[in-house]
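Some notes on the structure that comes next.
Fair warning: this is a prediction, and the values are worked out from it, not measured in the lab. Proteins get letters first, then strands, A, B, ... in listed order; numbering begins at 1 in each.
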Protein chains: 2
Amino acid sequence: MEASQDHHPSTSSRIGTTGSSTGVGERQRERIIRAATLVFSRKGYDGARVEEIARSAGIPKGNVLYYFKTKKTLYRVVIEQVLSLWLDALGNIAVDGNPEEAIRQYVNRKLALSRNYPEASRLFAMEVISGAPVINDHLSGELRLWVEEKGEVFRKWQQDGLMAKIDPAHAFFMIWVVTQTYADFEAQIQAVTGAKGYAQEIYTDATGDVVEALVRGLGLKRDT
Amino acid sequence: MEASQDHHPSTSSRIGTTGSSTGVGERQRERIIRAATLVFSRKGYDGARVEEIARSAGIPKGNVLYYFKTKKTLYRVVIEQVLSLWLDALGNIAVDGNPEEAIRQYVNRKLALSRNYPEASRLFAMEVISGAPVINDHLSGELRLWVEEKGEVFRKWQQDGLMAKIDPAHAFFMIWVVTQTYADFEAQIQAVTGAKGYAQEIYTDATGDVVEALVRGLGLKRDT
DNA sequence: GGAAAAGTTGACCATTCGGTCAGTCCCGGT
DNA sequence: ACCGGGACTGACCGAATGGTCAACTTTTCC
């Protein structure tokens, strides 16, 4: 909940309302953002059509452009929201406590994220595959710092013999990519497994195995 | 090397030539396919522009449409070529021999693939994230069969206590996604690690760690 | 050498796209 | 009742897009 950078309607008034509704068309804004996330996540920025976003939101195209002056503005807002969701979920990895439990929790948290917001995960993946033209700065800024910081924790664990000696950054890549697979490659997994009730079945089945495999792969031990 | 389904020029004559050049414009065809792979892998089908593909191939747009009647035809050819590359690389996992070595080889083979053909990997990822509208049949057909078949091998290993008890399909997902990360998420990895000579540094550094982590994660043992 | 086939090109067309805009609707305040 | 402004809409515009085509050049084959 942040990231506004546009035009006429925004979080400007909001003070003068009766007190109950938080902004009149604020609902519309979120409707549009939700629809845009969906379309952008499937087609990418260039492939997405404003009118399709509008249709998906159930409103005319003109109305979309009323809230977001340009397609690019809308994309920025959407992807920045997705990114902040992603970064928030990175959260804290408990420095103390035992590594195994810490990572187990972290993995589960990320797994839940891509289960609950698969479109967000896909949009993020799309952006990165496209070369991250929009969020590159965020990646080499905030994310990089986060990795360096948390990487130190990994290094400490490794020195204590509680974690396999893997370049911390690559350990993160491995965790991230594995947890996101089930959202990003849903189509492939669905095709291969022939799953019907995808959301429920797969996640429940896979979660356990995957977490264990990761913990094992990273050689995480319980602090004694 | 197959997959032609278009228009006038194709692998029609080829017999009558002097013997040296295998078709005159056959080079062009491949030029175009290479360029198309690049553009499609960054923008996806809808986002890619025929003219951009043409520019990337260094020829006028009209010439591209001469070899491939429509954008869709070109995309089909390109992605089917990528898919066959992918499926070929699946190759055989040695049924006998020790599991650890078998998977180690398999992972290394896939890792090499995404190092040598990162655009192919990205294009495949894009297609799947978009919902695999074109290759869905292939995935639920050939790929699914392959997984079921090779999954049996995994199950046998598991019964012999040579592999952790993970749903075989998910074991494959894990292997695939980890090996593809370095191609698909290159932008992110580059941003986070600040790597300059990406292609060389990262792959050399990561390969070892990743392979070990996977082998460990899948609980693979050497047959004794 | 010459004609047919294959290859190449820029001009051109219909459609679609992102974005603008004038005008309408709906609301609370006075 | 009336006003003013935010919310909304469909018609519209210029630019870009996928695709066609007729003219032209090159290659192939007898």
For nucleotides 25-27 of chain C, give me every protein contact, N/O to N/O, under 3.5 Å, one pair per line with atom names.
none

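By the side-chain hydrogen bond (donor to acceptor under 3.5 Å, both in side chains) test, Glu212(B) pairs with Arg104(B), sequence neighbours left out. Scanning for salt bridge (charged side-chain N to carboxylate O under 4.0 Å, His left out) contacts around Asp137(A) gives an empty result, with sequence neighbours left out. Partners of Arg34(B) by side-chain hydrogen bond (donor to acceptor under 3.5 Å, both in side chains), not counting sequence neighbours: none found. Every side-chain hydrogen bond (donor to acceptor under 3.5 Å, both in side chains) that Arg144(A) has, sequence neighbours left out, goes to Glu148(A). Applying the salt bridge (charged side-chain N to carboxylate O under 4.0 Å, His left out) rule to Lys43(A) yields the partners Glu52(A), Asp46(B); only residues at least two apart in sequence or on another chain are considered. Under the rule for a ring-ring contact (aromatic ring centres under 6.0 Å, His included), the partners of Phe40(B) that lie at least two apart in sequence or sit in another chain are Tyr75(B). Checked against side-chain hydrogen bond (donor to acceptor under 3.5 Å, both in side chains), Arg109(B) has no partners two or more places apart in sequence or in another chain.
When rounded to the nearest whole Å, the span between NZ of Lys69(B) and P of dC21(D) equals 10 Å. Look at NZ on Lys71(A): it is 14 Å from P on dA16(D), rounded to the nearest Å. Atom-to-atom, CD of Glu51(B) to C1' of dC12(C) comes out at 15 Å; the value is rounded to the nearest Å. Between the C1' atom of dG19(D) and the CZ atom of Phe68(B) lies a distance of 16 Å, rounded to the nearest Å. Between the CG atom of Leu65(B) and the P atom of dC21(D) there is a distance of 12 Å, rounded to whole Å.
Contact check, Tyr66(B) against dT8(C): no side-chain N or O comes under 4.0 Å of OP1 or OP2. Using a 4.0 Å cut-off, no side-chain N or O of Arg49(B) falls inside it from OP1 or OP2 of dA16(D). Within the 4.0 Å cut-off from OP1 or OP2 of dT8(C), at least one side-chain nitrogen or oxygen of Tyr67(B) is found. At dA6(C), none of the side-chain N or O atoms of Gln28(B) fall inside 4.0 Å of OP1 or OP2 (strictly under the cut-off).
By the 4.5 Å heavy-atom criterion applied to side chains, Ile79(A) and Tyr45(A) are not counted as neighbours. Residues Lys110(A) and Trp176(A) meet the side-chain proximity criterion, which asks for heavy atoms closer than 4.5 Å.
Within the structure, ring-ring contact (aromatic ring centres under 6.0 Å, His included) contacts touching residues 105-139 of chain B (residues at least two apart or in different chains) are Trp86(B)-Phe124(B). Listed by first and then second residue, the salt bridge (Lys or Arg N to Asp or Glu O under 4.0 Å) pairs that reach into residues 120-133 of chain A are Arg122(A)-Glu186(A), sequence neighbours excluded.
Residues from residues 53-63 of chain B lying near DNA chain C, meaning a heavy-atom separation below 4.0 Å, are Pro60(B), Gly62(B), Asn63(B) in numerical order. Within residues 30-43 of chain B, no residue has any heavy atom under 4.0 Å from DNA chain D.
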